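All remarks here apply to the structure that follows.
Everything quoted here is computed from the prediction, not taken from an experiment.
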Amino acid sequence: MRTFHWAVSTIAALLLAVPVFAQAPAPVPDAMPFDIPYGTPISLERAKQVGDAAAAEAKKRNWKMAIAVVDPSGDLVYFVKLDGTAYSSAKIAEHKARSAAIFRRPTKAFFDAMESGHPYVMTLDGMIGADGGLPITESGKIIGGIGTSGGTGAQDAIVSKAGADTVK
């Protein structure tokens, strides 16, 4: 019985010694974050240019990638998958593109939020928290999104940026 009391008192002491971390509430911004207006949806011709530029970047680096371009509502407009790309990458690329377009922000923003202690973002319907999804903007308005998958998050981001940068 003495062992039991010793164990209980030891566990209680350890629990009391563990500091409790309270997270301070986030400051309230003055302006809406990521408040980028939607523009005219990307055309098939432009989406093809974006996707093909991203594919060229991936090929140049010998990275096997799936690349999806969507309109502002997240509907697929153009898709390309390089030979040898993992089958799972096709759906992931489209998910990243859709998430970037409908949430009006890079998908890395969700990853960063989760990493900084804000797991609530995982509850957002349609969100993916991985680098490689970017909104496509023209004249300050979102006309679509691009998502790539197949490499690391950093590789996916490079390929997506190469595609998105074709639109000015």
Side-chain angles (χ1 to χ4, degrees), residues 23 26 29 32-168:
Q23 190 173 18
M32 291 290 295
F34 304 105
D35 189 20
I36 306 164
Y38 291 111
T40 303
I42 192 167
S43 68
L44 175 58
E45 182 180 326
R46 298 285 303 279
K48 187 175 180 342
Q49 290 170 349
V50 169
D52 290 348
E57 182 69 24
K59 286 177 187 176
K60 177 178 87 175
R61 296 170 178 269
N62 199 30
W63 294 342
K64 299 167 185 160
M65 295 273 177
I67 301 150
V69 180
V70 301
D71 66 16
S73 68
D75 291 330
L76 186 63
V77 177
Y78 185 75
F79 177 81
V80 61
K81 183 171 68 114
L82 302 180
D83 292 340
T85 301
Y87 296 131
S88 60
S89 295
K91 295 221 183 280
I92 295 169
E94 188 175 353
H95 193 166
K96 287 179 181 181
R98 182 177 299 112
S99 187
I102 65 173
F103 287 106
R104 303 187 288 194
R105 67 198 74 193
T107 54
K108 187 174 185 315
F110 296 112
F111 174 83
D112 292 344
M114 288 185 287
E115 287 290 299
S116 66
H118 302 284
Y120 69 88
V121 298
M122 291 185 291
T123 65
L124 299 174
D125 188 30
M127 181 281 299
I128 186 168
D131 208 351
L134 294 172
I136 299 170
T137 59
E138 182 177 55
S139 302
K141 295 182 178 181
I142 293 178
I143 63 169
I146 181 170
T148 59
S149 181
T152 66
Q155 290 170 323
D156 293 350
I158 288 169
V159 172
S160 285
K161 185 173 181 335
D165 283 352
T166 64
V167 177
K168 301 293 178 210

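Asp112 pairs by the side chain to side chain contact (heavy atoms under 4.5 Å, CB included) definition with Lys108, not counting sequence neighbours. The side chain to side chain contact (heavy atoms under 4.5 Å, CB included) test applied to Asp83 returns no partner, not counting sequence neighbours. Looking at residues two or more places apart in sequence or on another chain, you find no side chain to side chain contact (heavy atoms under 4.5 Å, CB included) involving Thr40.
For Ser160 (side chain) and Ala157 (main-chain N/O), no donor-acceptor pair under 3.5 Å exists by modelled atom type. Remark: side-chain polar atoms of Ser99 are not paired, donor with acceptor, to backbone N or O of Lys96 under 3.5 angstrom.
With values rounded to the nearest 0.5 angstrom, Arg98 atom CZ is found 9.0 Å from Ser73 atom OG. Rounded to the nearest 0.5 angstrom, His95 NE2 and Ile128 CD1 are separated by 5.0 Å. Note that OG1 of Thr166 and NZ of Lys161 are 11.0 Å apart. Values are rounded to the nearest 0.5 Å. Residue Met127 holds its CE atom at 10.0 Å from OG1 of Thr107, rounded to the nearest 0.5 Å. Remark: Asp125 CG to Phe103 CZ distance equals 7.0 Å, nearest 0.5 Å.
Pairing each heavy atom of Pro37 with each of Gly140, the nearest pair is CD-O, 3.6 Å. Here the shortest heavy-atom pairing between Phe34 and Pro106 reads CE2-CD, 4.4 Å. Taking all atoms of both residues into account, the shortest heavy-atom contact from Ile146 to Ala164 is CG2-CB, 4.1 Å. Contact record, Ala93 with Ser149: N-CB, 3.8 Å, taken as the closest heavy-atom pair.
When side chains are defined from C-beta on, Phe79 does not count as touching Glu94, because their heavy atoms never get closer than 4.5 Å.
Heavy-atom neighbours of Phe111 CZ from other residues, nucleotides or ligands within 6.0 Å: at or below the threshold of 12.
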Can you list, pair by pair, the side-chain donor-acceptor contacts under 3.5 Å of residues 131-138, counting residues two or more places apart and other chains?
from, atom 1, to, atom 2, distance (Å)
Glu138, OE2, Arg46, NH1, 2.8
Glu138, OE2, Arg46, NH2, 3.1

Under 3.5 Å, which donor-acceptor pairs do the side chains of residues 51-70 form with other protein atoms, sequence neighbours left out?
from, atom 1, to, atom 2, distance (Å)
Asp52, OD1, Tyr78, OH, 2.7
Asp52, OD2, Lys48, NZ, 2.7
Glu57, OE1, Lys60, NZ, 3.2
Glu57, OE2, Arg61, NE, 2.5
Glu57, OE2, Arg61, NH2, 3.2

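Among residue pairs with one or both ends in residues 67-79, none qualify as salt bridge (Lys or Arg N to Asp or Glu O under 4.0 Å); sequence neighbours excluded.
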